[in-house]
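Comments concern the structure below.
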Number of protein chains: 2
Amino acid sequence: MTSSTVEDYLKCIYLIQTRSTDPISTGLIASQLKVAPGTATAMMKTLSESGLITYEPYRGVRLTQAGSKLAAHVLRRHRVIELFLVEVMGLNWSDVHSEAELLEHAVSELVLDRMDEMLGRPSVDPHGDPIPSPRGVLREKEYPSLISCPLGGLLKVVRVTDQSANFLRLLERHGIMPGKEVEIASREDAADSVIVRSSSGKALHLGFRPAASILVEPGE
Amino acid sequence: MTSSTVEDYLKCIYLIQTRSTDPISTGLIASQLKVAPGTATAMMKTLSESGLITYEPYRGVRLTQAGSKLAAHVLRRHRVIELFLVEVMGLNWSDVHSEAELLEHAVSELVLDRMDEMLGRPSVDPHGDPIPSPRGVLREKEYPSLISCPLGGLLKVVRVTDQSANFLRLLERHGIMPGKEVEIASREDAADSVIVRSSSGKALHLGFRPAASILVEPGE
DNA sequence: TACCAAATTTTGACATGTCAAAATATTACA
DNA sequence: TGTAATATTTTGACATGTCAAAATTTGGTA
Ligand SMILES: [Mn+2]
Ligand SMILES: [Mn+2]
Ligand SMILES: [Mn+2]
Ligand SMILES: [Mn+2]
């Protein structure tokens, strides 16, 4: 029914909509999906005619109920698959995103439910990203990041929002992953620098951009 | 690189080629893949230009080395995935064919190898179909079927070539699956009838067509 | 308020797969 | 050996996604 292309557009819009409620520009969608601006515009017309988004030319788009539900299901598949690849198949958390990007369009509801069951109905994926419920509800918790959390004391890593494979591998080498504990050794605005100490003992030097993508739970 | 459409065409040709060596008509390919005759002809030109088949108009096609290798890999993926779905995910053998038909185009070499490893490098899929090696070699064993095997004595089911879901479910209800033992209670050419007794005790009445799709190993 | 730079949409083109129906080739048989 | 039934190919059309480049709109600035 809905092509994998349409699914990717919907998922993209959904993810952007997660972070703010104003209408989303076609240009942003185009850059996220790495297509030409005109390509995104053309697709917005298609989605609009299918009742999956509302589209006001030059103003932007919003998902409808129907579009939102569909997108949430695609995202659910994506994240369950990622976790399955890590937990059951033993893949590295840095590799699963690109695998899931394809598999999310090929896995049936039956297979997805079996994965979900084998994983014990999990609520977050290997990166700490929340998994939409089978009914399509996404519960985004608010967490501080390494640049917004209070200094001093142990922090539990709960989520890493920068999914680039190289970055994830770097973090893994330093033992920085959801569930692990870290401590901020120093943080200096002017120097755009955060130094994190992980339980591995090693200190990791990060700029503010990457540091902001590591979300933590302040010490219990 | 190669689209899932091309992969399905190659796999189709490959499967037909395992049963006879003469050139394969575009009409047969079209009917197998449920596309219009002209559609298959158009694709034959594409495949031919890509060097994946040799094509003589009105005569038929043959896979080249390159095409054969590609097709064997698609078939390998298909069969490993089927077995994974049955053994690891707990799906029924009647459901996995259609699932694998999609997944075979979405699973990476990395994930496939993990599946293969978890399954202990298997040589046959849930239907007893042989799995091509990682290098693309397919070893088809010759087995007699319920209409060609000798009468009397126990027979071990080794393969079921009719993959229709309803038929497979019927067989399962009667305990007829690869690895199980059966016995031919009666076989009558003129009546187009084979009566099989399985270890479940129940007798199953089959016509010659379905009976021919059940391959067996004569009692040791 | 008029203009300009940036963003967006439109246009024209192309690639891939598909079909229905017309044209053509093959083959069986009369 | 000629013809007719059958299979195959060709033709013209369409659906989906994509791009480059031209045209248009928007919103800020002079
Ligand atoms: Mn995707
Ligand atoms: Mn993730
Ligand atoms: Mn397929
Ligand atoms: Mn099979």
Side-chain angles (χ1 to χ4, degrees), chain A residues 1-14 16-17 19-20 22-63 66-67 70-71 74 101-102 104-106, chain B residues 1-14 16-17 19-20 22-63 66-67 70-71 74 101-102 104-106:
Chain A
M1 280 289 76
T2 72
S3 69
S4 58
T5 308
V6 165
E7 290 188 341
D8 281 337
Y9 275 94
L10 292 176
K11 177 157 63 77
C12 173
I13 298 169
Y14 186 90
I16 298 168
Q17 226 167 58
R19 284 283 143 216
S20 91
D22 14 286
I24 291 150
S25 74
T26 56
L28 181 55
I29 296 164
S31 76
Q32 294 282 303
L33 293 178
K34 288 173 186 155
V35 296
T39 305
T41 299
M43 181 55 80
M44 294 312 107
K45 286 182 192 166
T46 307
L47 296 180
S48 176
E49 274 157 26
S50 307
L52 297 169
I53 63 172
T54 58
Y55 169 45
E56 291 194 60
Y58 294 103
R59 303 339 298 295
V61 305
R62 267 205 180 82
L63 290 171
L70 243 166
V74 179
E101 201 55 59
L102 274 184
E104 66 191 355
H105 312 293
Chain B
M1 283 291 74
T2 72
S3 68
S4 57
T5 308
V6 166
E7 290 188 341
D8 281 337
Y9 275 93
L10 292 175
K11 178 158 61 78
C12 172
I13 298 169
Y14 186 91
I16 298 169
Q17 226 167 61
R19 285 281 143 217
S20 92
D22 16 285
I24 291 151
S25 75
T26 55
L28 181 55
I29 295 164
S31 75
Q32 294 281 305
L33 293 178
K34 289 172 186 155
V35 296
T39 304
T41 299
M43 180 57 80
M44 293 313 106
K45 286 182 190 165
T46 307
L47 297 179
S48 175
E49 274 156 26
S50 307
L52 297 170
I53 62 172
T54 57
Y55 169 45
E56 291 195 60
Y58 294 102
R59 303 339 299 297
V61 306
R62 266 205 181 82
L63 290 170
L70 243 167
V74 179
E101 200 54 59
L102 275 183
E104 67 192 355
H105 313 293

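Side-chain atoms are counted along with the backbone in the values below, which use heavy atoms only and exclude waters and symmetry mates. Below, chains carry the letters A, B, ... as their sequence lines are ordered, and counting in each starts from 1.
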message = So, using side-chain hydrogen bond (donor to acceptor under 3.5 Å, both in side chains) as the criterion, who are the partners of A:Glu101 when residues are at least two apart?
response =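 Checked A:Glu101 against side-chain hydrogen bond (donor to acceptor under 3.5 Å, both in side chains); matches are A:Lys11, A:His97.
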request  = For B:Thr39 and for A:Ser3, locate the closest nucleotide of DNA chain D by heavy-atom distance; then report the residue assigned to the nucleotide nearer the 5' terminus.
outcome  = B:Thr39
Contact list (N/O, under 3.5 angstrom) for nucleotides 23-27 of chain C vs protein:
residue : atom : partner : partner atom : Å
C:dA25  : O4'  : B:Tyr58 : OH           : 3.3
C:dT27  : OP1  : B:Arg59 : NH2          : 3.4

Report the distance from atom [atom1] of [X] to atom [atom2] of [Y], rounding to the nearest 0.5 Å.
X: A:Thr39; Y: A:Ile29; atom1: OG1; atom2: CD1; value: 12.5 Å
X: A:Met44; Y: A:Ser25; atom1: CE; atom2: OG; value: 10.0 Å
X: A:Glu104; Y: A:Leu102; atom1: CD; atom2: CG; value: 8.0 Å
X: A:Gln32; Y: A:Ile24; atom1: CD; atom2: CD1; value: 10.0 Å

What does [X] touch in the nucleic acid at a heavy-atom separation under 4.0 angstrom: a base, only the sugar-phosphate, or nothing?
X: B:Ser25; result: sugar-phosphate
X: B:Thr41; result: base
X: B:Thr26; result: sugar-phosphate
X: A:Gly27; result: sugar-phosphate

message = Output the rounded distance in Å from CG (A:Leu28) to P (C:dA7).
response = 12 Å
Listed partners of A:Ser4 passing side chain to side chain contact (heavy atoms under 4.5 Å, CB included), at least two apart =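 Side chain to side chain contact (heavy atoms under 4.5 Å, CB included) check on A:Ser4 returns A:His105.
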query = Are A:Met43 and A:Thr5 close enough, and set up right, to give a side-chain contact (heavy atoms from CB on, under 4.5 Å), and what steps lead you there?
reply = CA-CA 9 Å; A:Met43 181 55 80; A:Thr5 308; 3.8 Å; yes
message = At a heavy-atom distance below 4.0 Å, which nucleotide of DNA chain D is the first touched by chain A, and which is the last?
response =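 Counting from the 5' end, contacts occupy D:dG17 to D:dG27.
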Side chains of residues 46-63 of chain A: which donor-acceptor partners sit under 3.5 Å, not counting sequence neighbours?
residue : atom : partner : partner atom : Å
A:Thr46 : OG1  : A:Ala42 : O            : 3.3
A:Ser50 : OG   : A:Thr46 : O            : 2.9
A:Arg62 : NE   : A:Thr21 : O            : 3.4
A:Arg62 : NH2  : A:Thr21 : O            : 3.0

task = Using modelled atom types only, decide if a donor and an acceptor are shared between the side chain of A:Ser20 and the backbone of A:Ile16 within a distance under 3.5 Å.
result =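 Flag not set: sc A:Ser20 to bb A:Ile16 has no pair under 3.5 Å.
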query = What is the minimum heavy-atom distance between A:Ala30 and A:Ala36, and which atoms define it?
reply = CB-O, 4.0 Å
remark   = Note: B:Val35 and B:Ala40 closest approach over all heavy atoms is CG2-N, 4.2 Å
task = Specify the angle, to 10°, made by the local axes at the two ends of the helix from C:dT1-D:dA30 to C:dA30-D:dT1 when five pairs are taken at each end.
result =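 Axis angle across the helix from C:dT1-D:dA30 to C:dA30-D:dT1, nearest 10°: 30°.
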